[in-house]
There are 2 protein chains.
Amino acid sequence: MKPNPSKELLKGTLTTIILRLLSEKGKMYGYELAQCVKETTDGKVLIKEGSLYPALHKLEANGLIECEKVMIGKRVRKYYHLTPAGETATAKAINELLDFLNTIHHLITTEPIYGNT
Amino acid sequence: MKPNPSKELLKGTLTTIILRLLSEKGKMYGYELAQCVKETTDGKVLIKEGSLYPALHKLEANGLIECEKVMIGKRVRKYYHLTPAGETATAKAINELLDFLNTIHHLITTEPIYGNT
DNA sequence: ACAAATACATAGATTTACAATGTATTAAAT
DNA sequence: ATTTAATACATTGTAAATCTATGTATTTGT
């Protein structure tokens, strides 16, 4: 019924996570990205194919990542890496996300100032 | 073009924010909630009517909040407050959101462990 | 008198991610 | 040898969340 509790909360962060991991590891392929997120979050965040591949294709279409096809036996593996524009976008996206996390954290843990201005 | 930078990232948090503020202040009306969030986040998070009112109606339909109509002159003002079920849900929602914020923070700031397990 | 703020609300569009499904190769288990 | 699970790519259709735009009406400030 509720296998992925963070499902609804995850919205909007997927692209930033992908960019961040590519920035960290240099190059990764789709399946590897999903496994990496799964392991890093101890199974708490699961990126599904239906989210991952469209996200990668969109990032590629926007010129933020590029892919390099490598044959592993008879199987194609697509390694993605950041473009220069992607590196700039990554730094910006991470800063925005961290700022957002702080803002939300503040909003749900601190006494609101409204009412005594 | 980009008046609300947190727009896409905000998804999934609105309900929790509303519950949290009602828990904090006891009772609030819609417009007050929006103003409170705006002031608390220094304008970085803006809740629009098109998000706010459907969210409030949904919370009410789910039995987590109740409203009390108060006439201010000729104008109706709807004060919302948590039900007992709402108080339980609030605690849970805040914990889940904080856990999620930590998970995402960890994901975008820490060296991934994947690769050396 | 007029503009801005207050205060409610809905309809339609967009975005995001997921579930379900599909194809194919490779490794492991029986 | 055959089956199963894991690897690895992908698409289609669906559901949910939020926004934009719009609407109504009252109150306050100038």
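Lettering of chains follows the sequences in order, A, B, ..., and the numbering in each one begins at 1.
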Rounded distance (Å) that lies between atom P of dA9(C) and atom CD1 of I47(B): 15 Å

d(CG, N62(A); C1', dT15(C)) in whole Å: 14 Å

Check: R75(A) side chain, dT7(D) base, donor-acceptor under 3.5 Å: yes

Selected nucleotide, minimal atom distance to E49(B) side chain, candidates dC8(C), dT6(C), dA10(D): dC8(C)

M71(A) CE - dT7(D) P separation (whole Å): 19 Å

Atom pair distance, as rounded to whole Å: CG in L52(B) and P in dA11(C): 17 Å

5' precedence on DNA chain C between L14(A) and I72(A) (nearest-nucleotide basis): L14(A)

Nearest-Å distance for atom pair OH/P, residues Y29(B) and dA7(C): 4 Å

Under-3.5 Å donor-acceptor pair between K11(A) side chain and dT15(C) base: no

Integer-rounded Å distance: dA8(D) P and K27(A) NZ: 14 Å

dT10(C) OP1/OP2 closer than 4.0 Å to side-chain N/O of H57(B): yes

Short side-chain N/O contact from K48(B) to OP1 or OP2 of dT20(D), under 4.0 Å: yes

Within one Ile-Leu-Val-Met-Phe-Trp-Tyr cluster: V76(A) and Y31(A), side-chain cutoff 4.5 Å: no

First encountered from the 5' end of DNA chain C, between L56(B) and G73(A): L56(B)

K78(A) side chain near dA10(D) phosphate (N/O to OP1/OP2, under 4.0 Å): yes

Geometric cation-pi criterion, K27(B) with Y79(B): 6.0 Å, 45°: yes

N or O in side chain of Y53(A) less than 4.0 angstrom from dA10(D) OP1/OP2: no

Gap between atom CG of L22(B) and atom OH of Y80(B) - 0.5 Å precision: 10.0 Å

Separation of dA7(C) C1' from E68(B) CD (nearest whole Å): 16 Å

Phosphate-side-chain proximity, Y31(B) and dA5(C), N/O vs OP1/OP2 below 4.0 Å: no

K74(A) side-chain proximity, nearest of dA8(D), dT26(C), dC8(C): dT26(C)

Between C1' of dA8(D) and OH of Y79(A), the distance in whole Å: 11 Å

Distance-minimising heavy-atom pair for L14(A) and A55(A): CD2-CB, 4.0 Å

Touch class at under 4.0 angstrom, heavy-atom based, for T13(A) against every strand present: sugar-phosphate

A93(A) to L19(A) - nearest heavy-atom pair and separation: CB-CD1, 4.4 Å

Distance below 4.0 Å between K58(B) side-chain N/O and dA17(D) OP1 or OP2: yes

Atom pair OG1/CG of T15(B) and N62(B) - distance to nearest 0.5 Å: 9.0 Å

Sugar-phosphate only, base, or nothing, as touched by G50(A) at under 4.0 Å among non-hydrogen atoms: base

